[in-house]
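In what follows, a structure is listed as structure tokens, so that the remarks can point back to it.
Note that these values count all heavy atoms, side chains included, but never hydrogens, waters or copies made by symmetry.
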Amino acid sequence: MTGHQDSGPHPSGVRDVVRYNWPMYAAGALTATTGWALARRLPGPAAALARTAAGVAAGYVVSSVLATWAVYDRSELHGYHWLPALLPDGPGDHLIIDTGLDEVGRPLAVRHPGARGRVADLYDPATAGASIRRARGLVPPAPGGIPARADALPAETAALDTVFAVFAAHELRRPADRTALFAEAARALRPGGALLLVEHLRDAANAAVYGPGAWHFHSRATWLRHAAEAGLHPDAERRIAGLVTAIVFRKPVS
């Protein structure tokens with residue numbers, strides 16, 4: 001296993017997230033503008049409904065941008081100062097799952113320059129969502145990434161200490177692919193090894209700021225189910241900036 005290279009892209013900030021998802025923000029802005037324009041021409045109840053729709057749309061555009069800025073540009077997320085509490089022994093021999101963007105390679109290499117790792121590039125333009133296709137077109141893949149599939153990770157059985165799935169697993173939109181990824185992670189991990197999942201969850205906090213956009217995420221119960229099916233159990237959990245959840249799933253020792 002080769003040493004991880006410190007030449008991948010920088011983690012995304014709010015400007016990048018807006019660029020990747022600009023149609024959603026454009027639709028929200030258009031809805032707000034149209035609602036306010038209609039409210040000026042419609043009679044009482046209809047005008048009130050149009051103003052309400054415009055206000056909700058505008059509110060979600062503003063709140064999602066502010067929340068994304070707070071999480072991706074201002075919080076501890078990309079500094080990974082929270083990682084030792086979840087992985088006290090460090091990443092060891094590890095594999096990074098990349099489904100379009102490698103958000104962990106560079107900061108992990110900075111914090112743990114001696115750790116040995118590689119990147120499994122699962123990006124498939126045929127099944128990837130529109131936002132991740134735009135992201136991939138704007139940001140080149142990490143150098144040295146190994147083309148792979150969710151059901152065929154590039155690692156020997158019981159060879160890894162850690163598998164990192166940072167804002168990656170939710171991009172596998174088919175449940176069978178996520179099931180396969182967790183099963184492959186369990187196969188590749190040594191007894192006691194860890195799968196670190198970092199995701200927004202489909203929960204009240206994310207729905208409050210992202211509105212309908214929160215349906216792109218998955219619930220905590222969904223991730224717990226995928227882990228249980230693979231024989232992994234939750235070991236540690238941390239909430240980051242109130243909107244991102246990091247969960248460590250462990251492979252049993254015996």
Verify same cluster id: Val163, Ile146 (apolar side-chain graph, 4.5 Å): no
Cluster overlap Val56 with Val65, hydrophobic side-chain contacts below 4.5 Å: no
Chi angles and distances behind the side-chain contact (heavy atoms from CB on, under 4.5 Å) call for Arg190, Asp93: CA-CA 10 Å; Arg190 297 179 177 127; Asp93 294 340; 3.2 Å; yes
Full working for side-chain contact (heavy atoms from CB on, under 4.5 Å) between Arg178 and His218: CA-CA 11 Å; Arg178 298 193 298 275; His218 298 291; 3.4 Å; yes
Side-chain heavy atoms of Leu95 within contact of Arg118, under 4.5 Å: yes
Over 12 non-hydrogen atoms of neighbours within 6.0 angstrom of CZ in Arg15: no
Sidechain-backbone polar pair: Arg202 side chain, Ala207 backbone, donor-acceptor under 3.5 Å: no
Set of residues satisfying side-chain contact (heavy atoms from CB on, under 4.5 Å) with respect to Ala130, sequence neighbours excluded: Arg133, Arg134
Validation row: Lys251, Arg187 side chains within 4.5 angstrom (heavy atoms): no
Interatomic distance, Leu87 atom CG to Asp161 atom CG [nearest 0.5 angstrom]: 10.0 Å
Closest contact, heavy atoms only, Ala115 versus Gly92: CB-O, 3.7 Å
Side-chain donor/acceptor of Arg40 to backbone N/O of Trp36, under 3.5 Å: no
Where Trp82 and Val198 come nearest, the two heavy atoms and their spacing: CH2-CG2, 4.0 Å
Partner residues of Tyr210 under the ring pair (Phe, Tyr, Trp, His ring centres under 6.0 Å) criterion, sequence neighbours left out: His200, Phe217
Side-chain donor/acceptor of Glu199 to backbone N/O of His170, under 3.5 Å: yes
Note, Tyr60 side chain near Thr31 side chain (heavy atom, < 4.5 Å): no
Neighbour count >12 (heavy atoms, 6.0 Å) for atom CZ, Arg136: yes
Joint cluster assignment, Val61 & Trp69, ILVMFWY side-chain distance < 4.5 Å: yes
Option passing side chain to side chain contact (heavy atoms under 4.5 Å, CB included) with Phe164 (candidates Asp98, Leu108, Leu197, Val119): Leu108
Nearest atoms (heavy-atom pairs only) where Gly231 meets Pro252: O-CD, 3.2 Å
Side-chain touch Leu181/Leu153, heavy atoms, less than 4.5 angstrom: yes
hydrophobic_cluster_shared for Leu138 and Leu101, side chain cutoff 4.5 Å: yes
Atom pair CD1/CG of Ile132 and Asn21 - distance to nearest 0.5 Å: 9.0 Å
For Gly28 against Ala57, the heavy-atom pair lying closest together: O-CB, 3.6 Å
Side-chain donor/acceptor of Ser12 to backbone N/O of Val17, under 3.5 Å: no
Under 3.5 Å donor-acceptor, Asn206 side chain and Leu243 backbone: yes
Residue pair Glu237 / Arg220, side-chain heavy-atom distance below 4.5 Å: yes
Pair Leu201-Trp223, side-chain contact (heavy atoms from CB on, under 4.5 Å): steps then yes or no: CA-CA 9 Å; Leu201 299 182; Trp223 297 122; 3.7 Å; yes
Minimum heavy-atom distance Gly213-Met24, with the two atoms named: CA-SD, 4.4 Å
Side chains of Arg111 and Pro84 in contact at under 4.5 Å (non-hydrogen atoms): yes
Mutual orientation of the aromatic rings belonging to Phe167 and Tyr72 [parallel < 30°, tilted 30-60°, perpendicular > 60°]: tilted
Separation of His226 NE2 from Leu195 CG (nearest 0.5 Å): 11.5 Å
Over all atoms of both residues, closest heavy-atom pair of Ala241 and Val71: CB-CG2, 3.9 Å
Interatomic distance, Leu122 atom CG to Asp151 atom CG [nearest 0.5 angstrom]: 9.0 Å
Contact check, side chains of Val139 and Tyr20, non-hydrogen atoms, under 4.5 Å: yes
Salt-bridge contact Arg238-Glu76 (side-chain N to carboxylate O under 4.0 Å): yes
Interatomic spacing from CZ in Arg149 to CG in Leu172 - rounded to 0.5 Å: 13.0 Å
Within-4.5 Å side-chain heavy-atom neighbours: Phe249 and Leu189: no
Neighbour count >12 (heavy atoms, 6.0 Å) for atom CZ, Arg74: no
Distance in Å, Leu196 CG paired with Asp235 CG, rounded so as to fall on 0.5 Å steps: 11.0 Å
